[in-house]
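Written below as structure tokens is the structure these notes are about.
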Amino acid sequence: MSRIVVAGAGPVGLTAALALARQGVAVTVLEAGDELAAESRASTFHPPTLEMLAELGVVDALLARGLVAPTFAYRDRASGHVATLDLGVLARDTPYPYRVQCEQSKLTPILRAEVEAAGGVIRFGWPVAGVDQVPDGVVVRAADGRTERADWLIAADGAHSAVRRSLGVEFTGITYPERFLVASTDEDLPTLLDDLAEVNYVFDPVDWSVLLHTPDHWRVLLPTPDGTPDGDELDRLDGRLRQVADPGRPWRVAHASIYRVHQRVAETFQVGRVLLAGDAAHVNNPLGGLGMNSGIHDAVAYARALVTGDGAIRLAAAQRRRIALEYVQTVSHQNYQRLTATDPAARAAYLDEIRTTAADPVRARTHLLRACMISSLRPVPA
């Protein structure tokens, strides 16, 4: 193997590049933008992801920039705090029995520096438009006619992946009926809400929400009806935020955005010498923080397989697709269904189950092994 090209310089693409460079593989990253993306986007790192980043030598730099979240909480819009789950029960399962809250835009510069220090090349202003399969390799094409030849291509070029489209790979699934609105604020939410953790899931059949703490802001995720103008939704944002917590004045909102959310998985993660990773291969709702993490897991699995051989590569692509379908899609959609459940009896039963789980370390460990993605990657002892 002489050279691998990675499309996309987000956390998934740069993780793949670093994992390959650490193994002595010549790797080039092609990024459409002129610089690394600055948007916050994903912000939760789960324990097995931290383990992988530790193996790559970058976890300490991430920890220095992030917030350690040893617990997360469930709340009810009407009644307040329901229960808090302590990731400390995972201490014998992982050296990182916590989540780290940190915007992905703080990880990518760390990865970039390490990729370049390890001999990898990153080319900005290189939007990949498609790929052609050739004997023993691929030719990656830009819209302006530039090309790059490589032995393999890892496509980590996002949900609108030009690589996936050029290969004709179907991307089937659903689009949620509501849009998601994310507002970033520097309000001191723990002074307004009791028993707040760094990550909080708030149940309500109509106006559920998620409250996430990052190093720079609190982020509030709210559902937004389909078919209404974005401007109208942003105009009524302060009133909705005051229903979450009322400081007695307008909320300080640094930024707000509205976007559609999908659950989709590519029909295959491997076509010849092309591997699809991250959002190019699978997208899901953000409830539970599974998307970026599973993409990083894709990247590490592919990097390990590519230095092993064709059989390992085929197996890795098949396993990553199975995990996307059976775990990531299933868990994230269950999280959505539970937050939005309208049947009062079903809601009450689930909240009771959460209280019982939080009070029992054995049940809590079983729940957290799944919620924190450990059981998606390896068998765990009882």
Side-chain angles (χ1 to χ4, degrees), residues 39-46 66-87 98-104 106 176 178-224 233-234 236-259 261 285-293 331-332 335-341 347 350-351 354-355 358 368 371-372:
E39 295 91 343
S40 294
R41 301 184 185 178
S43 61
T44 293
F45 292 85
H46 286 294
L67 298 175
V68 171
T71 65
F72 64 90
Y74 293 102
R75 304 178 66 87
D76 183 79
R77 172 63 68 91
S79 59
H81 179 261
V82 174
T84 296
L85 284 167
D86 187 346
L87 278 71
Y98 46 79
R99 295 179 176 184
V100 170
Q101 292 299 110
C102 185
E103 299 89 345
Q104 69 177 54
K106 288 182 168 61
Y176 284 102
E178 65 269 72
R179 296 166 294 164
F180 285 25
L181 188 158
V182 177
S184 298
T185 175
D186 64 359
E187 297 289 350
D188 185 9
L189 293 190
T191 67
L192 301 174
L193 294 168
D194 294 333
D195 299 311
L196 207 62
E198 307 288 8
V199 180
N200 307 267
Y201 301 101
V202 185
F203 290 78
D204 188 89
V206 176
D207 233 11
W208 55 268
S209 59
V210 181
L211 311 177
L212 299 170
H213 199 193
T214 72
D216 294 339
H217 297 101
W218 278 92
R219 296 168 70 181
V220 183
L221 172 64
L222 298 164
T224 302
E233 295 302 330
L234 295 173
R236 72 186 189 99
L237 175 58
D238 183 65
R240 298 186 68 194
L241 291 173
R242 290 207 205 191
Q243 292 176 358
V244 173
D246 192 354
R249 52 166 172 73
W251 274 52
R252 296 187 297 268
V253 175
H255 180 262
S257 60
I258 299 173
Y259 59 97
V261 178
N285 76 58
L287 304 177
L290 307 181
M292 175 188 64
N293 286 269
V331 172
S332 59
N335 291 341
Y336 169 83
Q337 290 176 314
R338 288 165 176 167
L339 273 181
T340 63
R347 288 172 54 76
Y350 184 63
L351 294 180
I354 289 173
R355 294 184 186 96
L368 289 169
C372 294

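We're numbering straight along the sequence, starting at 1. Nothing here was measured: the structure is a model prediction, and the numbers come from that model.
For Arg179, the side chain to side chain contact (heavy atoms under 4.5 Å, CB included) test picks out Thr224, Thr228, Asp230, Glu233, Ile258, Arg260, with sequence neighbours left out. Thr185 meets the side chain to side chain donor-acceptor pair (under 3.5 Å) test with no other residue; sequence neighbours excluded.
For the pair Asp76/Arg347, a side-chain contact is recorded, criterion being any heavy-atom separation below 4.5 Å from C-beta on. Using a 4.5 Å heavy-atom cutoff, the side chains of Lys106 and Asp216 are in contact. For the pair Pro223 and Tyr336, the minimum side-chain heavy-atom distance is 4.5 Å or more. Side-chain contact between Val182 and Tyr259 is present, with heavy atoms from C-beta onward closer than 4.5 Å. Side-chain contact between Leu221 and Leu212 is absent, with no heavy-atom pair separated by less than 4.5 Å. Contact annotation: the side chain of Leu222 approaches that of Ser209 to within less than 4.5 Å [non-hydrogen atoms, C-beta and beyond]. For the pair Pro215/Leu67, a side-chain contact is recorded, criterion being any heavy-atom separation below 4.5 Å from C-beta on.
Asn200 places a side-chain N or O within donor-acceptor distance of the main-chain N or O of Ala197, the cut-off being under 3.5 Å. The closest donor-acceptor contact from the side chain of Asp204 to the backbone of Arg77 lies at 3.5 Å or more, if one exists at all. Not one N or O on the side chain of His81 forms a donor-acceptor pair closer than 3.5 Å with the backbone of Ala73.
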Determine, step by step, whether Glu198 and Thr71 satisfy the side chain to side chain contact (heavy atoms under 4.5 Å, CB included) criterion, reporting the C-alpha distance in whole Å, the side-chain angles of both residues, the deciding distance to 0.1 Å, and the verdict. CA-CA 7 Å; Glu198 307 288 8; Thr71 65; 6.0 Å; no
Derivation and outcome, side chain to side chain contact (heavy atoms under 4.5 Å, CB included), residues Leu211 and Leu193: CA-CA 11 Å; Leu211 311 177; Leu193 294 168; 3.7 Å; yes
Run the side chain to side chain contact (heavy atoms under 4.5 Å, CB included) test on Thr340 and Tyr176 for me, step by step, so that the C-alpha distance in whole Å, both residues' side-chain angles and the decisive distance to 0.1 Å come before the verdict. CA-CA 12 Å; Thr340 63; Tyr176 284 102; over 6 Å; no
When you look at Phe203 and Ile354, which way does the side chain to side chain contact (heavy atoms under 4.5 Å, CB included) test go after all the steps? CA-CA 12 Å; Phe203 290 78; Ile354 289 173; 3.8 Å; yes
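Counting only N and O atoms by type, the side chains of Gln101 and Thr44 include a donor and acceptor under 3.5 Å apart.
Pairs passing the salt bridge (charged side-chain N to carboxylate O under 4.0 Å, His left out) check and including a residue from residues 248-257, sequence neighbours excluded, read Asp186-Arg252, Glu187-Arg249, Glu187-Arg252.
The CG atom of Asp86 lies 10.0 Å from the CZ atom of Phe72; values are rounded to the nearest 0.5 Å. Here the straight-line distance linking atom CG of Asp246 with atom CG of Leu192 works out to 8.5 Å at 0.5 Å rounding. In this structure, CG in Leu339 is found 8.5 Å from OH in Tyr201, a value given to the nearest 0.5 Å. The distance from the OH atom of Tyr98 to the NE2 atom of His46 is 14.5 Å, given to the nearest 0.5 Å. Note that OH of Tyr350 and CD of Gln337 are 11.0 Å apart. Values are rounded to the nearest 0.5 Å. How far CZ of Arg75 is from OG1 of Thr84: 8.5 Å, rounded to the nearest 0.5 Å.
Checking Gln104, Arg219, Arg99, Glu103 one by one against Ser43, the side-chain hydrogen bond (donor to acceptor under 3.5 Å, both in side chains) holds for a single residue, Arg219.
Checked against the 6.0 Å centroid criterion, the rings of Trp208 and Tyr74 do not qualify as a close aromatic pair.
At most 12 non-hydrogen atoms from other residues, nucleotides or ligands lie less than 6.0 angstrom from CG of Asp194.
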